[in-house]
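Data block below; observations after.
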Amino acid sequence: MSLMTHLECGLCGTEQDADRLWNLCPECGKPLLARYDLETARLVLTREEIANRGANLWRYRELLPVRDARHILCLGEGWTPLVHAERLGQAVGFDHLYIKDEGLNPTASFKARGLGVAMSRALELGVKAVSIPSAGNAAGAMCAYASLAGIVGHVFMPQDVPPLFVAECRALGAEVTVVDGLITDCGRVAAEGVRDFGRFDVSTLKEPYRIEGKKTMGYELAEQMEWMLPDVIIYPTGGGTGLIGMWKAFDEMEQLGWIGPERPRMVTVQSDGCAPMVRAFHEGQEFATPWQGAKTIADGLRVPAAVGDFLILRALHESKGTAVSVPDSDMLEAANLIGRTQGIFVCPEGGATLTAFQHLRSQGWIGDDETAILFNTGSGLKYAHLWA
């Protein structure tokens, strides 16, 4: 089923056997990326065949890492709506504005994509217990697929995480540990359990397969736009797996002959209270310095240090994109504007993309005749306490 050939380090290029369990590159400690036999895929796989498949991310199964269909864990993840936001566009004076609504995934966020694929591959490779540090949505997704697979899930969450996220993970059968600190502190405690008890670490970009699930957002976007990519993609960035994954998908699709060489300008959006990627981009750095005192209402953006920082920055530079930070208060105002014009209850991260769009429009960075996509990464229901 899968045409995966090997794993390749995103930094040093070292290749590894794809049918062994790996976390980071053993040579340099950076993320490993799945590679595929795209020449064969070009011969056997067509856009027309894909169009007749099921409405979930496994429609792209040859370009995903699971080799045997018996190991696929599917809750209906993927194929989320691409909404032409006409009323929102009227409110902000822009005709070609779209929202990719990831809040309609299982567990109500885009994390279902990455964890659905990662947990399917973990099951295939014989994993019995998994571990994740998370501020919420990733943990919920991991727990759902771990439960479906019969794998024991261990979750480590910061103490300020909304109670709903903790309740979700416990209801899905995981063991939850609340840590006094930030997501980076959760990662440290989780790593101790990985070392001491042999759990498999499914942290963001610390294993090769979450990015493969996230890249399907890029495939879907191209397919839903009739294989013509937009001019601009605005993406809320914590760990950045989705942005990196989409950039990877665009390269794969060009090699498949499904799209041409044109690319969207990629935009990273972060909070003023935690903006390591924005700072690194504007300083021209290859790697991002960890953000001190990270604070934001958008739990998915409270990531002081990203393992794949260099891959995010590489995508921004290669696409001639940019990085923007926005105030938390503006996120909520923008989320409310989306809600009252489009009927979509977006998460704060989704609101951040509209704020960034408005900022870039005011600068003339996005032209009147261009097409822009806002990614809403989760349902506002998970953050209902912010509106209470």
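Atom set for the values below is all heavy atoms of this structure, side chains included, hydrogens, waters and symmetry mates excluded.
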Tell me whether [X] contacts the main-chain N or O of [Y] through its side chain, where contact means a donor paired with an acceptor under 3.5 Å.
| X | Y | result |
| --- | --- | --- |
| D101 | L82 | no |
| S120 | L73 | yes |
| R302 | A294 | no |
| T355 | D330 | yes |
| D37 | T40 | yes |
| T237 | G240 | no |
| E212 | L64 | no |
| N56 | G76 | no |

Just verifying a value: how many Å separate [X] [atom1] and [Y] [atom2], rounded to the nearest 0.5 Å?
| X | Y | atom1 | atom2 | answer |
| --- | --- | --- | --- | --- |
| M142 | C169 | CE | SG | 7.0 Å |
| E27 | C12 | CD | SG | 6.0 Å |
| T204 | K111 | OG1 | NZ | 5.0 Å |
| Q16 | L21 | CD | CG | 13.0 Å |
| K30 | L205 | NZ | CG | 11.0 Å |
| D160 | L182 | CG | CG | 7.5 Å |

Salt bridge check: are [X] and [Y] linked by an N-O gap of less than 4.0 Å?
| X | Y | value |
| --- | --- | --- |
| E175 | R170 | no |
| E207 | R121 | no |
| R70 | E124 | no |
| E220 | K100 | yes |
| R113 | E77 | no |
| R47 | E226 | no |
| R59 | E223 | yes |
| D368 | R361 | yes |
| D19 | R67 | yes |

Item to check | Qualifying residue, where the test is side chain to side chain contact (heavy atoms under 4.5 Å, CB included) with E102 and the options are T80, N376, N137 | outcome: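 Option passing the side chain to side chain contact (heavy atoms under 4.5 Å, CB included) with E102: T80.
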Next on the checklist: Testing T322, L243, I312 one by one against M266 for a side chain to side chain contact (heavy atoms under 4.5 Å, CB included), which residue passes?
Outcome noted: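 Result: among T322, L243, I312, L243 is the only option passing the side chain to side chain contact (heavy atoms under 4.5 Å, CB included) with M266.
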Checklist entry - Can you name the salt bridge (charged side-chain N to carboxylate O under 4.0 Å, His left out) partners of E62, sequence neighbours left out? => result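 E62 satisfies salt bridge (charged side-chain N to carboxylate O under 4.0 Å, His left out) with R53 only.
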Item to check | salt bridge (charged side-chain N to carboxylate O under 4.0 Å, His left out) partners for D95, two or more places apart | outcome: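 With sequence neighbours excluded, D95 shows a salt bridge (charged side-chain N to carboxylate O under 4.0 Å, His left out) to no residue whatsoever.
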Just so I know, are the side chains of [X] and [Y] near enough to count as touching, which here means a heavy-atom distance under 4.5 Å?
| X | Y | result |
| --- | --- | --- |
| R263 | E254 | yes |
| L63 | L256 | yes |
| L45 | W258 | yes |
| T353 | Y235 | no |
| R265 | E370 | yes |
| Y209 | L7 | yes |
| P236 | T377 | yes |
| P276 | T289 | no |

Checklist entry - Should L316 and M277 be counted in the same cluster of Ile, Leu, Val, Met, Phe, Trp and Tyr side chains packed under 4.5 Å apart? => result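 Yes; M277 is reachable from L316 via cluster members.
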Next on the checklist: Test of understanding: clusters of I, L, V, M, F, W, Y form through side-chain heavy atoms closer than 4.5 Å, transitively. Do L104 and W58 belong to the same one?
Outcome noted: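 No, because L104 and W58 fall into different hydrophobic clusters, even though each may have its own neighbours under 4.5 Å.
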What heavy-atom pair brings [X] and [Y] nearest, and what distance separates the two atoms?
| X | Y | result |
| --- | --- | --- |
| S134 | A139 | OG-N, 3.0 Å |
| A288 | D309 | N-OD2, 2.9 Å |
| L115 | A141 | CB-CB, 3.9 Å |
| E168 | K382 | OE1-NZ, 3.3 Å |
| H154 | V152 | NE2-CG1, 3.4 Å |
| A249 | K215 | CB-O, 3.4 Å |

Checklist entry - Taking it one step at a time, do S271 and D328 satisfy side-chain hydrogen bond (donor to acceptor under 3.5 Å, both in side chains)? => result CA-CA 6 Å; S271 166; D328 282 8; 2.8 Å; yes
Checklist entry - Which other residues belong to the hydrophobic cluster containing V267, where Ile, Leu, Val, Met, Phe, Trp and Tyr are joined when side-chain heavy atoms lie under 4.5 Å apart, directly or via other members? => result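 When side chains under 4.5 Å apart are linked, the cluster holding V267 also contains V83, L88, V92, F94, L97, I99, V232, I234, V269, L301, V324, V326, M331, L337, I338, I344, V346, L354, F357, L360, W365, I366, L374.
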Checklist entry - F197: which other cluster members, linking ILVMFWY side chains closer than 4.5 Å, directly or transitively? => result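 None; F197 is a cluster of one.
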Next on the checklist: Before we go on, tell me: are the rings of Y383 and F345 under 6.0 Å apart, centre to centre?
Outcome noted: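 No, they do not, as the ring centres are separated by 6.0 Å or more.
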Next on the checklist: Between W387 and N336, does the side-chain hydrogen bond (donor to acceptor under 3.5 Å, both in side chains) criterion hold? Intermediate values first, please.
Outcome noted: CA-CA 10 Å; W387 282 270; N336 289 337; 2.7 Å; yes
Checklist entry - So R35 and E15, salt bridge (charged side-chain N to carboxylate O under 4.0 Å, His left out) or not? Walk me through it. => result CA-CA 10 Å; R35 300 303 185 195; E15 296 185 4; over 6 Å; no
Checklist entry - Hey, what's the ring geometry for F310 with F287, parallel, tilted or perpendicular (30° and 60° as the breaks)? => result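 Aromatic pair F310/F287 classed tilted.
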Item to check | Pairs satisfying ring pair (Phe, Tyr, Trp, His ring centres under 6.0 Å), at least one member in residues 313-337, at least two apart | outcome: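 Counting only pairs at least two positions apart or across chains, the ring pair (Phe, Tyr, Trp, His ring centres under 6.0 Å) contacts touching residues 313-337 are F281-H317.
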Next on the checklist: When you measure from the centre of the six-membered ring of F110, is the NZ or CZ of K214 closer than 6.0 Å and no more than 45° off the axis?
Outcome noted: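 So K214 does make the cation-pi contact.
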Item to check | D231: partners by side chain to side chain donor-acceptor pair (under 3.5 Å), with sequence neighbours left out | outcome: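 If we apply the side chain to side chain donor-acceptor pair (under 3.5 Å) test to D231, skipping adjacent residues, there are no hits.
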Next on the checklist: Can you confirm whether more than 12 heavy atoms, excluding those of E283, are under 6.0 Å from its CD atom?
Outcome noted: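 Yes, enclosed.
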Item to check | Candidate pair D251 and Q255, rule side-chain hydrogen bond (donor to acceptor under 3.5 Å, both in side chains), full reasoning | outcome: CA-CA 6 Å; D251 180 64; Q255 293 184 62; 2.9 Å; yes
Item to check | Stepwise side-chain hydrogen bond (donor to acceptor under 3.5 Å, both in side chains) check, W247 with E318 | outcome: CA-CA 10 Å; W247 196 243; E318 289 178 355; 2.9 Å; yes
